[in-house]
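Order of the sequence lines fixes the chain letters, A, B, ..., with proteins taken first and strands second; residue numbering starts at 1 for each chain.
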Number of protein chains: 2
Amino acid sequence: MSPQRDGQSGPSVTGRVLGILSAFGPGAEALSLSGIARAAGLPLSTAHRLVGELAAWGALERGEDGRYRIGLRLWEVGALAPRSLGLRERAMPYLEDLYEATRQNVQLAVRDGHEVVYVERLAHPEAVRVFTRVGGRMPLHATGVGQVLLAFAHVSVQEEVLAGPLSALTPRTVTDPHALRRTLAAVRREGVAVCDGLVDLLSLSVAAPVRGEDDRVVAAMSVVVPSAGSDPRTIVPAVRATARGISRALGSPSARRRPSGVVTPLPSAAGADAPRTAERGA
Amino acid sequence: MSPQRDGQSGPSVTGRVLGILSAFGPGAEALSLSGIARAAGLPLSTAHRLVGELAAWGALERGEDGRYRIGLRLWEVGALAPRSLGLRERAMPYLEDLYEATRQNVQLAVRDGHEVVYVERLAHPEAVRVFTRVGGRMPLHATGVGQVLLAFAHVSVQEEVLAGPLSALTPRTVTDPHALRRTLAAVRREGVAVCDGLVDLLSLSVAAPVRGEDDRVVAAMSVVVPSAGSDPRTIVPAVRATARGISRALGSPSARRRPSGVVTPLPSAAGADAPRTAERGA
DNA sequence: AATCGAGCTTCCGGCCACCGGAAGGAGCGC
DNA sequence: GCGCTCCTTCCGGTGGCCGGAAGCTCGATT
């Protein structure tokens, strides 16, 4: 099924072109021609020709240092991905509010296979450092949003992940299948995942599911705060409310009616601009 | 409307693949196979083969309705574009603050050829409607950010734009080359562009340049507010400060010291019309 | 139910665009 | 100067691509 994440995408021209794009990645934003050829497993002259065409179109750009980077035109096309732009556009106002209230890290992510892909992230420069970045990937079982996405994913996906090896990022990462199964059940029951020290011992994340038109979970969002001195209980309601707000904006039937009375203004910013997070019925 | 979305990118396979990607665009986020073939000018069977390869890799995704959309994987690669992610990551906190303060539309854009491309946009649902969207394009002369980017672009770019036809989006769009030239000079002098009713008669935008490491203008940002009842003078300082903040975050030397008193000691207003743009030597 | 049409998928022989080795140039450090 | 890496251009052989045609799956129409 997986056609090798390598550059070895096949002998077809299309495969080679995609192999060239695959050569770029986090930590490899700029590559020399020979670097691309090496990474994609292509002869230099072949790479030269293909890269030239890509650059002429705008998929790649050549910097003053002679190295190639991903071009604006490709970014533009990529921005049309429904799971990025469509989702993002509608979720932003809500993420905004939560970010403003917490001044920490707020993230939005979707599932792709057995990994979670971060689609949006608002980070305060002085907030806890998190390792994720927009466009980045992480294993499902090891992050807050990942656990949420896994918990609400099709059973077959869950089984596949539970069967596979569960890597540990910290000593606290859940690596035992049975424990993970229980965790997932709890997430489904609570409608929220609270993860302390899974990715990084210093940070804690609270994640909740975001539902789409047909009420399926299409994304997950989370807030990451420092482990020390944070009480999850003050954050959970805010995350729940935000996730619900986004779900409603996306047309989720179950988020239609406002949760009668329980809207919970955010504890942290209780004062002046209490979040209109749960307002607005489109 | 569509200036020949091309498709005729050449007889090479790479060109055809890029032609397929070009078939997607604002207003065409989802296409059937035959729709793609039509838009890209390819025989159905050829399109079928290429699209199949793209989908297998994740550049395209096939929805339940059988139509194709841009895939998450392509978005991921696109997100590596330095003019998107690198810029965005550092600019966000500042844009955030401005958004929070104004509760209107805040935008970040870069120049590509003779157009402006919007890289980020924070929009309050109740703010003035703006026509732009993330990943969207507009002519340089007709928007606030565009005027800023044009004013600080290489002279040759300015001349090309001034020579070409200047389309009008509203009766107030500047279409006279001489008037535009004066406007650009003013923008350089003031370090900010105030545009009322250029794109849309109901909205007004205030834009300012963002500088990079070598002090060249690499982007522009703006706030869009309703024309009626807004006093630009209250907004200009905030926009200037935000743009300066972003410039500093990007390592701009001229934004190093905090604005101790006067704004910019830049010799930008040296020669009346002569931009001190050292843009791209090669 | 039969017919039609639009859209999708598969197949395969012919041909031409792609491949990539090789040669030549540009820049840099020793 | 010499060796090194990286980039660019050229060109003949051939293997991958092309695309017409046939078959398939829907859903609408008669």
Side-chain angles (χ1 to χ4, degrees), chain A residues 1 3-4 6-25 27-71 82 214, chain B residues 5-25 27-71 82 280-282:
Chain A
M1 188 75 179
Q4 287 313 0
D6 281 27
Q8 303 289 60
S9 293
S12 79
V13 179
T14 310
R16 289 163 203 248
V17 167
L18 296 175
I20 288 175
L21 296 185
S22 300
F24 294 85
E29 289 92 357
L31 295 172
S32 67
L33 177 59
S34 41
I36 294 174
R38 213 176 303 124
L42 295 174
L44 192 55
S45 59
T46 301
H48 180 258
R49 185 167 25 84
L50 297 179
V51 163
E53 264 187 291
L54 290 173
W57 185 79
L60 298 181
E61 283 174 5
R62 187 161 205 184
E64 293 175 5
D65 56 357
R67 295 193 301 171
Y68 292 91
R69 287 152 233 268
I70 297 296
D214 50 6
Chain B
R5 265 301 166 198
D6 220 332
Q8 298 289 65
S9 293
S12 79
V13 180
T14 309
R16 288 163 203 250
V17 167
L18 296 174
I20 289 177
L21 296 185
S22 300
F24 294 86
E29 290 91 359
L31 295 172
S32 68
L33 177 59
S34 40
I36 294 175
R38 212 176 304 124
L42 295 174
L44 192 54
S45 59
T46 300
H48 179 257
R49 185 168 24 86
L50 297 179
V51 164
E53 266 188 290
L54 290 173
W57 184 79
L60 298 181
E61 283 175 5
R62 187 160 207 184
E64 292 174 6
D65 56 357
R67 294 194 300 171
Y68 292 90
R69 284 153 235 267
I70 297 296
R280 180 149 311 189

Whole angstrom value for the distance that separates [atom2] of [N] from [atom1] of [X]:
X	N	atom1	atom2	result
A:Ile36	D:dT5	CD1	P	19 Å
B:Leu50	D:dG16	CG	C1'	12 Å
B:Leu33	D:dG19	CG	P	14 Å
A:Leu31	D:dC6	CG	C1'	14 Å
B:Leu44	D:dC18	CG	P	14 Å
A:Arg38	D:dC7	CZ	P	9 Å
A:Asp65	D:dC6	CG	C1'	13 Å

Considering non-hydrogen atoms only, spot the tightest contact between [X] and [Y] and give its length.
X	Y	value
B:Ala37	B:Leu44	CB-CD1, 4.1 Å
A:Gly15	B:Glu53	N-OE2, 3.8 Å
B:Arg69	B:Phe24	CA-CE2, 4.0 Å

Considering only heavy atoms and no angle criterion, is a donor-acceptor pair shorter than 3.5 Å present between the side chain of B:Ser45 and the base of D:dG19?
-> yes

Rounded to the nearest 0.5 Å, how far does OG of A:Ser32 lie from CZ of A:Arg38?
-> 6.0 Å

Would you mind telling me which of C:dG7, C:dC18, D:dC7 lies closest to the side-chain atoms of A:Val13?
-> C:dC18

Does a side-chain N or O of [X] approach OP1 or OP2 of [N] to a distance below 4.0 Å, or not?
X	N	value
A:Thr46	C:dC18	no
A:Arg16	C:dG20	yes
B:His48	C:dT9	yes
A:Arg49	C:dC18	no
A:Arg62	D:dT8	yes
B:Ser34	C:dC8	yes

Net bend of the helix from C:dA1-D:dT30 to C:dC30-D:dG1, end axes of five pairs each, nearest 10 degrees | 30°

Any donor-acceptor pair under 3.5 Å linking the side chain of A:Ser22 with the backbone of A:Leu18?
-> yes

Flag side-chain contact, heavy atom, 4.5 Å: B:Glu29 against B:Ile70 | no

Which part of the nucleic acid does A:Leu42 contact within heavy-atom distance under 4.0 Å: base, sugar-phosphate only, or nothing?
-> nothing

What residue among A:Leu21, A:Val51, A:Leu42, A:Leu54 forms side-chain contact (heavy atoms from CB on, under 4.5 Å) with A:Ile36?
-> A:Val51

